[in-house]
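Let me begin by presenting the structure, written as structure tokens, before commenting on it.
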Amino acid sequence: MQNIKDVLNLESVGKTVHLRGWVYRIRTSGKLTFIILRDSSGMVQLLSSARSLKEDEHKELSSLVIESSMEATGVIREDKRAVTGYEVELSSYKIYQRNDNFPISRDLGEEFLLDNRHLWLRSREFSAVLKIRSTIFKAFTDFYYENGFYQVQPPIMVSTATEGGSTLFKVPFFGDEVSLSQSSQFYLETFIFSLEKVFTIAPSFRAEKSRTRRHLTEYWHAEAEVAWVDNEGMMEIEERMIEYVVSSVVRENEEELRLLGRDVEFLKNIKAPFPRIRYGRLMEMAQEWGLNLKYGDDLGADEEREITVHFDKPVFVTHYPSSLKTFYHRPDPDNPDEILCHDLLAPEGYGEIIGGGERIWDLDLLKKRMVDYNLNTEDYYWYLDLRKYGSIPHSGFGLGLDRLAMWIMHLDNIREAIPFPRTIRRTKP
RNA sequence: GCCGUUGUAGCUUAGCUGGUAGAGCACUCGGCUGUUAACCGAGCGGUCGUCGGUCCGAAUCCGACCAACGGCGCCA
């Protein structure tokens, strides 16, 4: 058996090829039947006729419907009339399943496709999404391995909140209750005392009742934590990682990007370094652009969109006022009202894809901040222990891989970037 | 949590100020020896989201409910 892509070349012409896959299109014209066969690698036109097959064999093939599965043997030749430039004249075949009519046809509603996502995965469009996603996950991992990081595996069932209790998913646990992880950050911090540079890719769960194009209740969270690195050093690692991931997709998946209509030239220009803008300066710029924002306001979706259209690269926003971020961020020693943190906003209106920064590593300050946030320090005993024994400066970040994928592919909704989206109103298929 | 939109055949939909449901695709059958989302002809397919109300009469008007979608806030 061969992959379709591997036989679409001049060396194969005149040879007998053995293929298997699914019927992508079928149409008859008189005594000829054209079957477009697809497999994971591509598609090719098959020709069935009474010339090279028995009459009843040709008839059986002509009755196949879309997405039937089959095996095909025949001689391949060049033919400009066929979709991919080659055609296989069938000499024998095997049908695995001649199915009933496939539910998905040419008229497609958004809701219907979501209900039939398990079948829509077979489409050319979604196959391209899946291939690009695969590259993104591999490239992210490769980048950190190449830079001396260790991959670690934090728990998913946890008993401490990272981002505030109201968005926790509660799960029964032998008469007790646990939560699904919102972020692996605190656990990642435990690993740096032995491994120094660590990363993970794990699902995170947020019970936020969000109904937006950029939120999922279950999403793939890529996180890293690094010993001895400050806020600026962390941003340097992140921008090199983003460049690495984007250039990997451009190199491996140019065909898929074009199928999705993505402007590949735009992606080729995504090179580090990325601009850094302090929050205070951004507020001044926003006012110059006519936005109704003042110091102390958080960036809403509209503001992020307005801001990021002014850039053709991702942009870091740093030094937020401490009132806008959660307790573990380290205050700037030069200006304690601001914190040493950064968000990375994707361009073209996509907005936040990374949140990161320097962590508080002083025990007393961390305790004080937790008390300010009404957190029970006893629950976080293990997190506080990290500041008791050999505490060090360190930084980290969290990246929404589905958001990154959404931006790279220029999709309208994050649901189109993940095979089986979980949102407030969808747990099937 | 808040605001909005939509629900008619397997899919995409038309249906005006109420008068008894129409099309395209898919599928089945027939035609065509070069099709490209083929084309041509025929057939199959609907308790108009659910429940209730108004009316001689409701897909259409009113109410409640359900579901999905879109947006805000929150975040990655």
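From a predicted model like this one, the values you see are computed outputs, not experimental measurements. Residue numbers begin at 1 in each chain, while the letters A, B, ... track the order of the sequences.
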* Whole-Å C1' distance, B/rC11 and B/rG57 -> 32 Å
* Asked: In Watson-Crick or G-U wobble terms, both distances under 3.5 Å, what is the partner of B/rU20?
  -> none
* Reckon A/S204 touches a base, only the sugar-phosphate, or nothing at all at heavy-atom distances under 4.0 Å? -> nothing
* Check every strand shown and say whether A/D343 touches a base, only sugar-phosphate, or nothing at a heavy-atom separation below 4.0 Å. => nothing
* To do: Can you tell me, in whole Å, how much space there is between the P of B/rG15 and that of B/rU60?
  => 15 Å
* Is it the case that A/K313 places NZ or CZ above or below the six-membered ring of A/F274, under 6.0 angstrom from the centre and within 45 degrees of the axis? -> no
* To do: Test for a donor-acceptor pair under 3.5 Å between the base of B/rC74 and the side chain of A/S210, counting only N and O atoms.
  => yes
* Asked: Just one of A/R369, A/H329, A/K368 clears the side chain to side chain contact (heavy atoms under 4.5 Å, CB included) bar with A/I360, so which one?
  -> A/R369
* Could you tell me whether the side chain of A/E110 has a donor or acceptor atom within less than 3.5 Å of a complementary atom in the base of B/rG70? => no
* Asked: Distance between the C1' atoms of B/rA14 and B/rA9, in whole angstroms?
  -> 13 Å
* **Pair partner, B/rU54 [Watson-Crick or wobble, under 3.5 Å]** => none
* To do: Kindly say whether, by distance alone, the side chain of A/T28 makes a donor-acceptor pair under 3.5 Å with the base of B/rC32?
  => yes
* Asked: Hey, does A/E87 reach any base, or is it just sugar-phosphate, or nothing, if we go heavy atoms under 4.0 Å?
  -> base
* Asked: Hey, does A/I353 reach any base, or is it just sugar-phosphate, or nothing, if we go heavy atoms under 4.0 Å?
  -> sugar-phosphate
* **Touch class at under 4.0 angstrom, heavy-atom based, for A/I104 against every strand present** => nothing
* Asked: Can a donor-acceptor pair under 3.5 Å be found between the side-chain atoms of A/R426 and the base atoms of B/rC69?
  -> no
* **Pairing nucleotide - B/rG46, Watson-Crick or G-U, each distance under 3.5 Å** => none
* To do: Indicate, with a heavy-atom threshold strictly under 4.0 Å, whether A/L404 touches base, sugar-phosphate, or nothing.
  => nothing
* Using a cut-off of 4.0 Å on non-hydrogen atoms, how would the nucleic acid contact of A/S49 be classed: base, sugar-phosphate, or nothing? -> nothing
* Any strand: nucleotide that pairs with B/rA9 via Watson-Crick or wobble, under 3.5 Å -> none
* Asked: Are any of the side-chain heavy atoms of A/N269 and A/D312 separated by less than 4.5 Å?
  -> no
* For B/rC2, give its Watson-Crick or G-U wobble partner with both distances under 3.5 Å, or none. => B/rG71
* Asked: Which part of the nucleic acid, if any, lies within reach of A/N99 when heavy atoms closer than 4.0 Å are counted: base, sugar-phosphate only, or nothing?
  -> nothing
* Distance between C1' atoms of B/rU47 and B/rU8 (Å, rounded) -> 12 Å
* On RNA chain B, check which nucleotide each of A/D302 and A/T217 is closest to and give me the residue with the more 5' one. => A/D302
* Asked: Now, which nucleotide makes the Watson-Crick or G-U wobble pair with B/rU33, with each of the two distances under 3.5 Å?
  -> none
* Any salt bridge between A/R214 and A/E304, counting N to O under 4.0 Å? -> yes
* Checking all strands, does A/A301 fall into the base, sugar-phosphate, or nothing category for heavy-atom contacts under 4.0 angstrom? -> sugar-phosphate
* Between atom CG of A/L340 and atom CG of A/N335, what is the distance when rounded to the nearest 0.5 Å? -> 9.5 Å
* Asked: Reckon A/F112 touches a base, only the sugar-phosphate, or nothing at all at heavy-atom distances under 4.0 Å?
  -> sugar-phosphate
* Does the gap between the ring centers of A/Y350 and A/H410 come in under 6.0 Å? -> yes
* **Nucleotide of B/rG34, B/rG70, B/rC74 approaching A/H215 most closely (side-chain heavy atoms)** => B/rC74
* **RNA chain B: 5'-proximal contact among A/R51 and A/I424 (nearest heavy atom)** => A/I424
* May I ask you to check whether A/F143 and A/F199 place their ring centers less than 6.0 Å from one another? => no
* To do: Identify whether any heavy atom of A/R124 sits under 4.0 Å from a base atom; if not, whether one sits that close to sugar-phosphate; answer base, sugar-phosphate or nothing.
  => nothing
* To do: Report yes if a donor N or O on one partner sits less than 3.5 Å from an acceptor N or O on the other, where the partners are the side chain of A/R213 and the base of B/rG71; otherwise report no.
  => no
* Determine the interatomic distance between C1' on B/rU50 and the same-named atom on B/rG24; round to the nearest Å. => 29 Å
